[in-house]
Amino acid sequence: MEEIKKFDKVAFLEGYLLKHKELGKRQREYKKILSSKLKTRKETIIEASFETAIDQLGEEKNDLRAQIWVASGTTHKKQNNRWLELIRCHVECQENLSQDINSLKTSISNMEKEISRMSKQIYNLNRLTIPDQQHQAYVMRARKRMTILENSLEVGVRQECGFTAANADLREQLIRILNHRTFFNDSYTKMVQKLNSEKKYLIDLIEYALNTFDGCIEVYEKIDLLAKREAKERDMRRVEMQGIMRKVAADGDNTAFLNCKSKPRELADLQPKEYKRRDEFRRVHNKKINLYNSVLQKILQYTDSNNMDEVIDKFQQQESLYYSFFNYANEMSYHITMLNNSVNRLFEDIVNLKKDNTNTLQDQLDQISSLENKVRTKQESNMELHKARENNDARLENLLQGVETVCDMCSIDASPLTKLLGDHAHVNLVNVNRFLKLLETRVQELTASVYVMERQEEGRFDYVVKQIEKICELPTDLNDIVLTQQCPECAEGEAFNMDEGGDGVLVHTVTEAKKKLYEKVTQPEMQYRLHSISQCRLPRSRLLAAKRNM
(Lines give C-alpha, C1' and ligand atoms only; values in the text may rest on other atoms or scores of the structure.)
Protein backbone atom coordinates (compact mmCIF):
# COMPACT_ATOMS: atom_id res chain seq x y z
CA MET A 1 0.00 0.00 0.00
CA GLU A 2 2.86 2.44 0.71
CA GLU A 3 4.30 1.97 -2.79
CA ILE A 4 0.89 2.71 -4.39
CA LYS A 5 0.55 5.89 -2.32
CA LYS A 6 3.99 7.07 -3.46
CA PHE A 7 3.01 6.77 -7.14
CA ASP A 8 -0.46 8.32 -7.73
CA LYS A 9 -1.20 7.51 -11.35
CA VAL A 10 -4.36 9.64 -11.59
CA ALA A 11 -2.61 12.80 -10.44
CA PHE A 12 0.37 11.90 -12.59
CA LEU A 13 -1.74 11.53 -15.76
CA GLU A 14 -3.70 14.72 -15.06
CA GLY A 15 -0.46 16.67 -14.56
CA TYR A 16 0.97 15.18 -17.72
CA LEU A 17 -2.09 16.24 -19.75
CA LEU A 18 -2.02 19.79 -18.35
CA LYS A 19 1.68 20.18 -19.04
CA HIS A 20 1.26 18.75 -22.52
CA LYS A 21 -1.48 21.29 -23.25
CA GLU A 22 0.67 24.12 -21.90
CA LEU A 23 3.61 22.96 -24.04
CA GLY A 24 1.43 22.99 -27.17
CA LYS A 25 0.20 26.47 -26.29
CA ARG A 26 3.77 27.74 -25.83
CA GLN A 27 4.85 26.17 -29.11
CA ARG A 28 1.99 27.86 -31.00
CA GLU A 29 2.88 31.21 -29.48
CA TYR A 30 6.52 30.68 -30.39
CA LYS A 31 5.60 29.92 -34.02
CA LYS A 32 3.53 33.12 -34.15
CA ILE A 33 6.48 35.10 -32.83
CA LEU A 34 8.88 33.56 -35.41
CA SER A 35 6.47 34.33 -38.28
CA SER A 36 6.06 37.98 -37.22
CA LYS A 37 8.21 40.97 -38.26
CA LEU A 38 11.25 42.42 -36.45
CA LYS A 39 10.57 42.70 -32.75
CA THR A 40 11.23 45.35 -30.21
CA ARG A 41 13.36 44.89 -27.08
CA LYS A 42 10.25 44.10 -25.05
CA GLU A 43 9.12 41.45 -27.51
CA THR A 44 12.64 39.99 -27.54
CA ILE A 45 12.57 39.68 -23.73
CA ILE A 46 9.14 38.04 -23.94
CA GLU A 47 10.43 35.65 -26.60
CA ALA A 48 13.42 34.76 -24.42
CA SER A 49 11.10 34.07 -21.50
CA PHE A 50 8.96 31.87 -23.79
CA GLU A 51 12.04 29.93 -24.89
CA THR A 52 13.05 29.43 -21.26
CA ALA A 53 9.57 28.19 -20.44
CA ILE A 54 9.67 25.87 -23.48
CA ASP A 55 13.00 24.43 -22.31
CA GLN A 56 11.61 23.82 -18.86
CA LEU A 57 8.49 22.19 -20.28
CA GLY A 58 10.64 20.02 -22.54
CA GLU A 59 12.66 18.83 -19.56
CA GLU A 60 9.44 18.13 -17.63
CA LYS A 61 8.15 16.23 -20.66
CA ASN A 62 11.30 14.06 -20.65
CA ASP A 63 10.81 13.38 -16.95
CA LEU A 64 7.16 12.47 -17.51
CA ARG A 65 8.00 10.10 -20.36
CA ALA A 66 10.61 8.41 -18.18
CA GLN A 67 8.04 8.04 -15.40
CA ILE A 68 5.54 6.60 -17.90
CA TRP A 69 8.15 4.12 -19.07
CA VAL A 70 8.77 3.06 -15.45
CA ALA A 71 5.04 2.96 -14.58
CA SER A 72 4.18 0.63 -17.47
CA GLY A 73 6.60 -2.07 -16.33
CA THR A 74 5.72 -5.68 -15.56
CA THR A 75 6.49 -5.28 -11.83
CA HIS A 76 3.82 -2.59 -11.45
CA LYS A 77 1.35 -4.71 -13.40
CA LYS A 78 1.90 -7.66 -11.05
CA GLN A 79 1.46 -5.40 -8.02
CA ASN A 80 -1.68 -3.91 -9.48
CA ASN A 81 -3.17 -7.36 -10.14
CA ARG A 82 -2.33 -8.45 -6.62
CA TRP A 83 -3.95 -5.37 -5.09
CA LEU A 84 -6.99 -5.77 -7.33
CA GLU A 85 -7.48 -9.32 -6.09
CA LEU A 86 -7.19 -8.05 -2.53
CA ILE A 87 -9.80 -5.31 -3.25
CA ARG A 88 -12.21 -7.89 -4.71
CA CYS A 89 -11.80 -10.06 -1.60
CA HIS A 90 -12.50 -7.06 0.65
CA VAL A 91 -15.57 -6.11 -1.40
CA GLU A 92 -17.00 -9.65 -1.11
CA CYS A 93 -16.35 -9.69 2.64
CA GLN A 94 -18.03 -6.30 2.96
CA GLU A 95 -21.10 -7.54 1.05
CA ASN A 96 -21.38 -10.65 3.28
CA LEU A 97 -21.01 -8.54 6.41
CA SER A 98 -23.61 -6.04 5.19
CA GLN A 99 -26.09 -8.88 4.56
CA ASP A 100 -25.49 -10.30 8.05
CA ILE A 101 -25.87 -6.85 9.60
CA ASN A 102 -29.12 -6.22 7.72
CA SER A 103 -30.54 -9.58 8.86
CA LEU A 104 -29.56 -8.80 12.48
CA LYS A 105 -31.11 -5.34 12.22
CA THR A 106 -34.32 -6.86 10.85
CA SER A 107 -34.55 -9.39 13.68
CA ILE A 108 -33.82 -6.69 16.29
CA SER A 109 -36.48 -4.38 14.84
CA ASN A 110 -38.99 -7.28 14.78
CA MET A 111 -38.26 -8.04 18.43
CA GLU A 112 -38.66 -4.38 19.38
CA LYS A 113 -41.98 -4.18 17.55
CA GLU A 114 -43.18 -7.38 19.25
CA ILE A 115 -42.16 -5.96 22.65
CA SER A 116 -44.01 -2.69 21.95
CA ARG A 117 -47.10 -4.63 20.83
CA MET A 118 -47.09 -6.76 23.99
CA SER A 119 -46.66 -3.68 26.19
CA LYS A 120 -49.57 -2.02 24.38
CA GLN A 121 -51.77 -5.10 24.97
CA ILE A 122 -50.79 -5.12 28.67
CA TYR A 123 -51.68 -1.43 28.90
CA ASN A 124 -55.06 -2.03 27.23
CA LEU A 125 -55.82 -4.96 29.59
CA ASN A 126 -54.92 -2.84 32.63
CA ARG A 127 -57.07 -0.02 31.30
CA LEU A 128 -60.08 -2.30 30.70
CA THR A 129 -59.88 -3.96 34.16
CA ILE A 130 -62.60 -2.56 36.47
CA PRO A 131 -63.40 -3.27 40.18
CA ASP A 132 -66.29 -5.51 41.32
CA GLN A 133 -68.31 -2.68 42.86
CA GLN A 134 -68.25 -0.71 39.63
CA HIS A 135 -69.30 -3.85 37.72
CA GLN A 136 -72.28 -4.37 40.09
CA ALA A 137 -73.37 -0.78 39.53
CA TYR A 138 -73.08 -1.27 35.79
CA VAL A 139 -75.23 -4.44 36.03
CA MET A 140 -77.92 -2.54 37.97
CA ARG A 141 -77.97 0.24 35.35
CA ALA A 142 -78.22 -2.37 32.57
CA ARG A 143 -81.18 -4.06 34.32
CA LYS A 144 -82.99 -0.72 34.67
CA ARG A 145 -82.32 -0.02 31.01
CA MET A 146 -83.65 -3.49 30.10
CA THR A 147 -86.92 -2.91 32.01
CA ILE A 148 -87.35 0.43 30.23
CA LEU A 149 -86.76 -1.24 26.88
CA GLU A 150 -89.26 -4.03 27.71
CA ASN A 151 -91.91 -1.42 28.51
CA SER A 152 -91.14 0.46 25.29
CA LEU A 153 -91.34 -2.88 23.41
CA GLU A 154 -94.82 -3.53 24.81
CA VAL A 155 -95.91 -0.03 23.82
CA GLY A 156 -94.45 -0.58 20.34
CA VAL A 157 -96.36 -3.88 19.98
CA ARG A 158 -99.61 -2.15 20.84
CA GLN A 159 -98.86 0.64 18.38
CA GLU A 160 -98.04 -1.95 15.72
CA CYS A 161 -101.43 -3.62 16.30
CA GLY A 162 -103.10 -0.25 15.76
CA PHE A 163 -101.01 0.32 12.64
CA THR A 164 -102.01 -3.12 11.34
CA ALA A 165 -105.70 -2.27 11.69
CA ALA A 166 -105.12 1.05 9.92
CA ASN A 167 -103.08 -0.81 7.29
CA ALA A 168 -106.09 -2.99 6.46
CA ASP A 169 -108.20 0.08 5.70
CA LEU A 170 -105.36 1.59 3.65
CA ARG A 171 -105.01 -1.67 1.71
CA GLU A 172 -108.63 -1.46 0.64
CA GLN A 173 -108.05 2.09 -0.53
CA LEU A 174 -104.89 0.98 -2.37
CA ILE A 175 -106.87 -1.70 -4.19
CA ARG A 176 -109.23 0.94 -5.49
CA ILE A 177 -106.31 3.20 -6.45
CA LEU A 178 -104.61 0.30 -8.26
CA ASN A 179 -107.69 -0.21 -10.40
CA HIS A 180 -107.53 3.44 -11.48
CA ARG A 181 -103.79 3.11 -11.93
CA THR A 182 -104.27 0.14 -14.28
CA PHE A 183 -106.50 2.19 -16.54
CA PHE A 184 -103.99 5.07 -16.44
CA ASN A 185 -101.07 2.74 -17.28
CA ASP A 186 -102.91 1.39 -20.31
CA SER A 187 -103.55 4.91 -21.60
CA TYR A 188 -99.99 6.01 -20.80
CA THR A 189 -98.53 2.97 -22.60
CA LYS A 190 -100.50 3.79 -25.73
CA MET A 191 -99.30 7.41 -25.64
CA VAL A 192 -95.64 6.35 -25.09
CA GLN A 193 -95.82 3.91 -27.98
CA LYS A 194 -97.22 6.65 -30.17
CA LEU A 195 -94.44 9.02 -29.07
CA ASN A 196 -91.70 6.39 -29.61
CA SER A 197 -92.91 5.84 -33.15
CA GLU A 198 -92.04 9.49 -33.92
CA LYS A 199 -88.46 9.48 -32.57
CA LYS A 200 -86.87 8.96 -35.95
CA TYR A 201 -86.35 12.66 -36.47
CA LEU A 202 -84.39 13.04 -33.23
CA ILE A 203 -82.27 10.00 -34.08
CA ASP A 204 -81.51 11.48 -37.52
CA LEU A 205 -80.47 14.76 -35.90
CA ILE A 206 -78.09 12.99 -33.53
CA GLU A 207 -76.57 10.93 -36.37
CA TYR A 208 -76.09 14.11 -38.42
CA ALA A 209 -74.36 15.83 -35.48
CA LEU A 210 -72.07 12.84 -34.91
CA ASN A 211 -71.15 12.65 -38.61
CA THR A 212 -70.35 16.39 -38.64
CA PHE A 213 -68.20 15.95 -35.51
CA ASP A 214 -66.28 13.04 -37.09
CA GLY A 215 -65.70 15.10 -40.24
CA CYS A 216 -64.33 18.01 -38.19
CA ILE A 217 -61.94 15.65 -36.37
CA GLU A 218 -60.66 14.21 -39.70
CA VAL A 219 -60.10 17.70 -41.17
CA TYR A 220 -58.29 18.80 -38.00
CA GLU A 221 -56.00 15.75 -38.10
CA LYS A 222 -55.18 16.38 -41.77
CA ILE A 223 -54.34 20.06 -41.15
CA ASP A 224 -52.23 19.08 -38.14
CA LEU A 225 -50.27 16.56 -40.24
CA LEU A 226 -49.70 19.19 -42.97
CA ALA A 227 -48.47 21.72 -40.39
CA LYS A 228 -46.06 19.19 -38.83
CA ARG A 229 -44.77 18.18 -42.26
CA GLU A 230 -44.16 21.82 -43.29
CA ALA A 231 -42.38 22.55 -39.99
CA LYS A 232 -40.15 19.50 -40.47
CA GLU A 233 -39.30 20.48 -44.07
CA ARG A 234 -38.62 24.06 -42.95
CA ASP A 235 -36.17 22.84 -40.28
CA MET A 236 -34.41 20.60 -42.81
CA ARG A 237 -34.06 23.50 -45.28
CA ARG A 238 -32.77 25.76 -42.48
CA VAL A 239 -30.12 23.20 -41.47
CA GLU A 240 -29.11 22.72 -45.10
CA MET A 241 -28.81 26.48 -45.62
CA GLN A 242 -26.71 26.86 -42.46
CA GLY A 243 -24.36 24.14 -43.72
CA ILE A 244 -24.05 25.90 -47.11
CA MET A 245 -23.35 29.25 -45.42
CA ARG A 246 -20.67 27.66 -43.19
CA LYS A 247 -19.07 26.04 -46.26
CA VAL A 248 -19.07 29.33 -48.20
CA ALA A 249 -17.56 31.19 -45.21
CA ALA A 250 -14.88 28.47 -44.78
CA ASP A 251 -14.02 28.61 -48.51
CA GLY A 252 -13.69 32.40 -48.28
CA ASP A 253 -11.42 32.17 -45.24
CA ASN A 254 -9.26 29.50 -46.90
CA THR A 255 -8.99 31.60 -50.07
CA ALA A 256 -7.95 34.69 -48.09
CA PHE A 257 -5.41 32.66 -46.14
CA LEU A 258 -3.90 31.13 -49.30
CA ASN A 259 -3.76 34.51 -51.03
CA CYS A 260 -1.87 35.88 -48.04
CA LYS A 261 0.51 32.96 -47.43
CA SER A 262 1.29 31.75 -50.96
CA LYS A 263 3.39 34.82 -51.88
CA PRO A 264 7.18 34.39 -51.98
CA ARG A 265 8.93 35.99 -49.03
CA GLU A 266 12.12 38.01 -49.70
CA LEU A 267 14.40 37.91 -46.71
CA ALA A 268 17.48 40.02 -46.08
CA ASP A 269 20.79 38.57 -45.08
CA LEU A 270 21.05 37.79 -41.39
CA GLN A 271 23.63 39.16 -38.98
CA PRO A 272 26.54 36.98 -37.72
CA LYS A 273 25.02 37.09 -34.25
CA GLU A 274 21.81 35.57 -35.61
CA TYR A 275 23.81 32.82 -37.38
CA LYS A 276 25.58 31.97 -34.11
CA ARG A 277 22.28 31.90 -32.25
CA ARG A 278 20.76 29.59 -34.83
CA ASP A 279 23.75 27.24 -34.73
CA GLU A 280 23.52 27.13 -30.96
CA PHE A 281 19.75 26.52 -31.18
CA ARG A 282 20.31 23.75 -33.76
CA ARG A 283 23.04 22.12 -31.60
CA VAL A 284 20.85 22.17 -28.46
CA HIS A 285 17.84 20.79 -30.29
CA ASN A 286 19.89 18.05 -31.98
CA LYS A 287 21.08 17.07 -28.51
CA LYS A 288 17.51 17.00 -27.26
CA ILE A 289 16.41 14.99 -30.29
CA ASN A 290 19.16 12.43 -29.66
CA LEU A 291 18.07 12.28 -26.01
CA TYR A 292 14.42 11.85 -27.04
CA ASN A 293 15.38 9.08 -29.48
CA SER A 294 17.37 7.26 -26.80
CA VAL A 295 14.44 7.54 -24.35
CA LEU A 296 12.04 6.27 -27.00
CA GLN A 297 14.31 3.32 -27.73
CA LYS A 298 14.43 2.46 -24.01
CA ILE A 299 10.64 2.71 -23.77
CA LEU A 300 10.27 0.40 -26.79
CA GLN A 301 12.72 -2.09 -25.29
CA TYR A 302 10.98 -2.00 -21.89
CA THR A 303 7.50 -2.43 -23.30
CA ASP A 304 8.55 -5.05 -25.89
CA SER A 305 6.99 -2.96 -28.66
CA ASN A 306 8.03 -2.18 -32.21
CA ASN A 307 6.66 1.38 -32.54
CA MET A 308 5.21 4.19 -30.46
CA ASP A 309 1.63 3.40 -31.50
CA GLU A 310 1.75 0.18 -29.50
CA VAL A 311 3.19 2.08 -26.51
CA ILE A 312 0.41 4.64 -26.72
CA ASP A 313 -2.18 1.86 -26.98
CA LYS A 314 -0.82 0.16 -23.88
CA PHE A 315 -0.79 3.44 -22.01
CA GLN A 316 -4.39 4.11 -23.02
CA GLN A 317 -5.42 0.59 -22.00
CA GLN A 318 -3.91 1.08 -18.55
CA GLU A 319 -5.56 4.46 -18.25
CA SER A 320 -8.98 3.13 -19.29
CA LEU A 321 -8.57 0.18 -16.88
CA TYR A 322 -7.92 2.47 -13.90
CA TYR A 323 -10.75 4.77 -14.88
CA SER A 324 -13.08 1.78 -15.21
CA PHE A 325 -12.14 0.58 -11.73
CA PHE A 326 -12.73 4.05 -10.36
CA ASN A 327 -16.15 4.27 -12.06
CA TYR A 328 -17.00 0.76 -10.82
CA ALA A 329 -16.21 1.75 -7.24
CA ASN A 330 -18.36 4.90 -7.52
CA GLU A 331 -21.23 2.93 -9.06
CA MET A 332 -21.10 0.29 -6.33
CA SER A 333 -21.14 2.93 -3.59
CA TYR A 334 -24.10 4.61 -5.26
CA HIS A 335 -26.02 1.30 -5.49
CA ILE A 336 -25.23 0.51 -1.86
CA THR A 337 -26.57 3.92 -0.82
CA MET A 338 -29.73 3.41 -2.89
CA LEU A 339 -30.26 -0.05 -1.39
CA ASN A 340 -29.86 1.29 2.14
CA ASN A 341 -32.40 4.02 1.42
CA SER A 342 -34.85 1.52 -0.07
CA VAL A 343 -34.42 -0.80 2.95
CA ASN A 344 -35.14 2.10 5.32
CA ARG A 345 -38.23 3.05 3.34
CA LEU A 346 -39.43 -0.56 3.34
CA PHE A 347 -39.01 -0.78 7.11
CA GLU A 348 -41.04 2.39 7.54
CA ASP A 349 -43.74 1.03 5.22
CA ILE A 350 -43.82 -2.26 7.16
CA VAL A 351 -44.25 -0.39 10.46
CA ASN A 352 -47.04 1.74 9.01
CA LEU A 353 -48.75 -1.32 7.52
CA LYS A 354 -48.62 -3.12 10.86
CA LYS A 355 -50.14 -0.10 12.59
CA ASP A 356 -52.85 0.11 9.93
CA ASN A 357 -53.52 -3.64 10.19
CA THR A 358 -53.93 -3.44 13.97
CA ASN A 359 -56.26 -0.47 13.63
CA THR A 360 -58.28 -2.12 10.88
CA LEU A 361 -58.43 -5.38 12.88
CA GLN A 362 -59.85 -3.53 15.89
CA ASP A 363 -62.32 -1.68 13.67
CA GLN A 364 -63.38 -4.94 12.04
CA LEU A 365 -63.89 -6.60 15.43
CA ASP A 366 -66.03 -3.68 16.56
CA GLN A 367 -67.94 -3.79 13.31
CA ILE A 368 -68.48 -7.56 13.66
CA SER A 369 -69.89 -7.08 17.16
CA SER A 370 -72.17 -4.29 15.96
CA LEU A 371 -73.30 -6.41 13.01
CA GLU A 372 -74.03 -9.34 15.33
CA ASN A 373 -76.23 -7.06 17.43
CA LYS A 374 -77.98 -5.85 14.28
CA VAL A 375 -78.51 -9.46 13.19
CA ARG A 376 -80.14 -10.27 16.52
CA THR A 377 -82.44 -7.28 16.26
CA LYS A 378 -83.24 -8.13 12.62
CA GLN A 379 -84.04 -11.71 13.58
CA GLU A 380 -86.43 -10.49 16.26
CA SER A 381 -88.05 -8.07 13.81
CA ASN A 382 -88.24 -10.87 11.20
CA MET A 383 -90.10 -13.07 13.65
CA GLU A 384 -92.59 -10.28 14.22
CA LEU A 385 -92.88 -9.71 10.46
CA HIS A 386 -93.37 -13.45 9.97
CA LYS A 387 -96.32 -13.36 12.36
CA ALA A 388 -97.71 -10.31 10.56
CA ARG A 389 -97.24 -12.10 7.22
CA GLU A 390 -99.22 -15.07 8.49
CA ASN A 391 -102.01 -12.74 9.65
CA ASN A 392 -101.95 -10.94 6.27
CA ASP A 393 -102.05 -14.27 4.43
CA ALA A 394 -105.08 -15.31 6.43
CA ARG A 395 -106.73 -11.94 5.73
CA LEU A 396 -105.84 -12.21 2.02
CA GLU A 397 -107.34 -15.71 1.92
CA ASN A 398 -110.53 -14.36 3.48
CA LEU A 399 -110.61 -11.56 0.88
CA LEU A 400 -110.15 -14.03 -1.98
CA GLN A 401 -112.91 -16.16 -0.49
CA GLY A 402 -115.08 -13.04 -0.33
CA VAL A 403 -114.35 -12.30 -4.00
CA GLU A 404 -115.33 -15.87 -4.89
CA THR A 405 -118.54 -15.50 -2.84
CA VAL A 406 -119.37 -12.23 -4.64
CA CYS A 407 -118.74 -13.93 -8.00
CA ASP A 408 -121.07 -16.77 -7.01
CA MET A 409 -123.71 -14.30 -5.88
CA CYS A 410 -123.48 -12.42 -9.20
CA SER A 411 -123.57 -15.72 -11.13
CA ILE A 412 -120.65 -14.85 -13.38
CA ASP A 413 -119.79 -17.03 -16.37
CA ALA A 414 -116.34 -18.60 -15.68
CA SER A 415 -116.39 -20.79 -18.80
CA PRO A 416 -113.74 -18.64 -20.66
CA LEU A 417 -111.25 -19.41 -17.87
CA THR A 418 -111.56 -23.20 -18.27
CA LYS A 419 -109.70 -22.96 -21.62
CA LEU A 420 -106.62 -21.49 -19.92
CA LEU A 421 -103.86 -23.46 -18.21
CA GLY A 422 -104.08 -24.03 -14.46
CA ASP A 423 -106.82 -24.51 -11.91
CA HIS A 424 -109.43 -21.73 -12.20
CA ALA A 425 -112.22 -23.35 -10.19
CA HIS A 426 -111.47 -21.10 -7.19
CA VAL A 427 -110.11 -17.57 -6.87
CA ASN A 428 -106.39 -17.27 -6.06
CA LEU A 429 -103.58 -14.71 -6.51
CA VAL A 430 -102.90 -15.93 -10.06
CA ASN A 431 -106.40 -15.59 -11.50
CA VAL A 432 -107.84 -12.86 -9.27
CA ASN A 433 -107.41 -10.26 -12.04
CA ARG A 434 -109.34 -12.41 -14.51
CA PHE A 435 -112.18 -13.03 -12.01
CA LEU A 436 -112.30 -9.31 -11.22
CA LYS A 437 -112.56 -8.48 -14.95
CA LEU A 438 -115.44 -10.96 -15.31
CA LEU A 439 -117.03 -9.52 -12.17
CA GLU A 440 -116.66 -5.99 -13.55
CA THR A 441 -118.31 -7.05 -16.82
CA ARG A 442 -121.15 -8.76 -14.91
CA VAL A 443 -121.66 -5.68 -12.70
CA GLN A 444 -121.82 -3.46 -15.78
CA GLU A 445 -124.41 -5.79 -17.36
CA LEU A 446 -126.51 -5.77 -14.20
CA THR A 447 -126.21 -1.99 -13.93
CA ALA A 448 -127.31 -1.57 -17.56
CA SER A 449 -130.28 -3.94 -17.13
CA VAL A 450 -131.38 -2.20 -13.95
CA TYR A 451 -131.00 1.18 -15.67
CA VAL A 452 -133.20 0.05 -18.60
CA MET A 453 -135.79 -1.59 -16.37
CA GLU A 454 -136.10 1.50 -14.15
CA ARG A 455 -136.47 3.80 -17.17
CA GLN A 456 -139.26 1.64 -18.62
CA GLU A 457 -141.52 2.38 -15.65
CA GLU A 458 -142.99 5.83 -16.03
CA GLY A 459 -143.50 8.20 -13.13
CA ARG A 460 -140.62 6.84 -10.98
CA PHE A 461 -137.96 9.31 -9.97
CA ASP A 462 -136.17 7.38 -7.20
CA TYR A 463 -133.68 5.56 -9.41
CA VAL A 464 -131.20 3.05 -8.08
CA VAL A 465 -128.83 3.70 -11.02
CA LYS A 466 -128.31 7.35 -11.83
CA GLN A 467 -127.33 8.90 -15.19
CA ILE A 468 -124.45 6.95 -16.77
CA GLU A 469 -123.87 8.99 -19.95
CA LYS A 470 -120.67 11.06 -20.23
CA ILE A 471 -120.46 14.74 -21.07
CA CYS A 472 -118.78 15.33 -24.47
CA GLU A 473 -115.43 17.05 -24.15
CA LEU A 474 -114.77 20.37 -25.84
CA PRO A 475 -113.12 20.22 -29.31
CA THR A 476 -109.35 20.77 -29.44
CA ASP A 477 -108.10 24.07 -30.85
CA LEU A 478 -106.24 23.76 -34.15
CA ASN A 479 -103.34 25.86 -32.82
CA ASP A 480 -102.81 23.35 -29.98
CA ILE A 481 -102.43 20.40 -32.35
CA VAL A 482 -98.70 19.55 -32.86
CA LEU A 483 -97.77 17.41 -35.84
CA THR A 484 -95.31 14.62 -35.12
CA GLN A 485 -93.01 15.49 -38.03
CA GLN A 486 -90.23 17.96 -38.57
CA CYS A 487 -90.79 21.28 -40.27
CA PRO A 488 -88.96 21.28 -43.67
CA GLU A 489 -87.66 24.83 -43.16
CA CYS A 490 -86.22 23.94 -39.73
CA ALA A 491 -84.60 20.82 -41.21
CA GLU A 492 -82.95 22.94 -43.90
CA GLY A 493 -81.76 25.43 -41.28
CA GLU A 494 -80.29 22.60 -39.20
CA ALA A 495 -78.44 21.26 -42.24
CA PHE A 496 -76.65 24.59 -42.82
CA ASN A 497 -77.49 27.74 -40.90
CA MET A 498 -76.02 30.91 -42.45
CA ASP A 499 -76.61 32.93 -39.28
CA GLU A 500 -73.99 30.91 -37.41
CA GLY A 501 -71.20 32.32 -39.57
CA GLY A 502 -70.21 29.15 -41.40
CA ASP A 503 -69.75 26.92 -38.38
CA GLY A 504 -69.65 23.82 -40.56
CA VAL A 505 -66.83 25.26 -42.70
CA LEU A 506 -64.33 26.44 -40.10
CA VAL A 507 -61.98 23.87 -38.57
CA HIS A 508 -62.12 23.70 -34.78
CA THR A 509 -60.09 21.80 -32.25
CA VAL A 510 -61.44 18.63 -30.63
CA THR A 511 -62.45 20.51 -27.46
CA GLU A 512 -64.25 23.26 -29.41
CA ALA A 513 -66.04 20.71 -31.61
CA LYS A 514 -67.30 18.83 -28.53
CA LYS A 515 -68.50 22.12 -26.99
CA LYS A 516 -70.35 23.11 -30.21
CA LEU A 517 -71.99 19.67 -30.43
CA TYR A 518 -73.10 19.86 -26.79
CA GLU A 519 -74.59 23.33 -27.32
CA LYS A 520 -76.51 22.15 -30.41
CA VAL A 521 -77.94 19.06 -28.73
CA THR A 522 -78.90 20.83 -25.47
CA GLN A 523 -80.20 24.10 -26.93
CA PRO A 524 -83.72 25.17 -25.81
CA GLU A 525 -85.01 25.28 -29.44
CA MET A 526 -85.15 21.47 -29.34
CA GLN A 527 -88.80 21.63 -28.19
CA TYR A 528 -89.83 23.69 -31.23
CA ARG A 529 -88.54 21.30 -33.87
CA LEU A 530 -91.72 19.22 -34.15
CA HIS A 531 -94.36 21.57 -35.55
CA SER A 532 -96.18 22.48 -38.75
CA ILE A 533 -94.97 25.09 -41.18
CA SER A 534 -97.70 27.49 -40.00
CA GLN A 535 -96.24 27.37 -36.46
CA CYS A 536 -92.61 27.88 -37.59
CA ARG A 537 -90.79 30.98 -36.41
CA LEU A 538 -88.51 31.41 -39.44
CA PRO A 539 -89.30 34.34 -41.79
CA ARG A 540 -89.44 32.18 -44.92
CA SER A 541 -91.94 29.83 -43.24
CA ARG A 542 -94.22 32.75 -42.41
CA LEU A 543 -94.08 33.90 -46.05
CA LEU A 544 -95.01 30.43 -47.32
CA ALA A 545 -97.86 30.17 -44.82
CA ALA A 546 -99.16 33.60 -45.90
CA LYS A 547 -99.05 32.55 -49.57
CA ARG A 548 -101.04 29.38 -48.79
CA ASN A 549 -103.72 31.31 -46.92
CA MET A 550 -104.14 33.90 -49.71
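All values derive from a computational prediction rather than experimental measurement. Hydrogens, waters and symmetry mates play no part in the numbers below; they use all other heavy atoms, side chains included.
Between Arg237 and Glu240 there is no salt bridge, since none of the side-chain N atoms of the basic residue sits less than 4.0 Å from a carboxylate O of the acidic one. Under the 4.0 Å criterion applied to side-chain N and carboxylate O atoms, Arg158 and Glu154 are assigned as salt-bridge partners. The pair Asp349-Arg345 does not count as a salt bridge, with every side-chain nitrogen at least 4.0 angstrom from each carboxylate oxygen. With salt bridges taken as basic N to acidic carboxylate O contacts below 4.0 Å, none links Glu440 and Lys437.
The CD atom of Glu112 sits 9.5 Å away from atom OG of Ser107, with the distance rounded to the nearest 0.5 Å. Summarising the geometry, atom CG belonging to Leu361 is positioned 8.5 Å from atom CG belonging to Asn357; distances are rounded to the nearest 0.5 Å. One distance of note links CD1 of Ile87 with OH of Tyr328; it measures 11.0 Å at 0.5 Å rounding. Leu153 contributes atom CG, which lies 13.5 Å from atom CD1 of Ile148 (distance to the nearest 0.5 angstrom).
A donor-acceptor contact shorter than 3.5 Å is absent between the side chain of Asn167 and the backbone of Leu170. Checking side-chain atoms of Thr377 against main-chain N and O of Asn373 turns up a donor-acceptor pair under 3.5 Å. A donor-acceptor pair under 3.5 Å is absent between the side-chain atoms of Arg442 and the main chain of Ile412, judged by distance alone. Looking only at distances, a side-chain donor or acceptor of Asn382 sits under 3.5 Å from a matching main-chain atom of Lys378. Here the side chain of Asn431 pairs no donor or acceptor atom with the backbone of Val427 at under 3.5 angstrom.
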task: Let me see the working for Glu114 and Arg117 under salt bridge (charged side-chain N to carboxylate O under 4.0 Å, His left out), right down to the final yes or no.
output: CA-CA 5 Å; Glu114 190 69 23; Arg117 188 176 65 81; 2.2 Å; yes
- request: Tell me, with the steps shown, if His335 and Glu331 meet side-chain hydrogen bond (donor to acceptor under 3.5 Å, both in side chains).
  value: CA-CA 6 Å; His335 284 297; Glu331 192 70 21; 3.0 Å; yes
message: Before you tell me yes or no, could you show the steps for Arg238 and Asp235 under salt bridge (charged side-chain N to carboxylate O under 4.0 Å, His left out), namely the whole-Å CA-CA distance, both residues' side-chain angles and the distance that decides it to 0.1 Å?
response: CA-CA 5 Å; Arg238 188 184 294 111; Asp235 294 337; 2.8 Å; yes
task: Show your working on salt bridge (charged side-chain N to carboxylate O under 4.0 Å, His left out) between Lys515 and Glu512 and close with a plain yes or no.
output: CA-CA 5 Å; Lys515 186 177 179 182; Glu512 293 176 353; over 6 Å; no
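Other residues, nucleotides and ligands place more than 12 heavy atoms under 6.0 Å from the OH atom of Tyr322.
The two residues Lys113 and Phe347 come nearest to each other via the heavy atoms NZ-O, 4.2 Å.
His386 and Glu390 share a side-chain donor-acceptor pair at under 3.5 Å. If you check the side chains of Arg395 and Asn392, you find no donor sitting under 3.5 Å from an acceptor.
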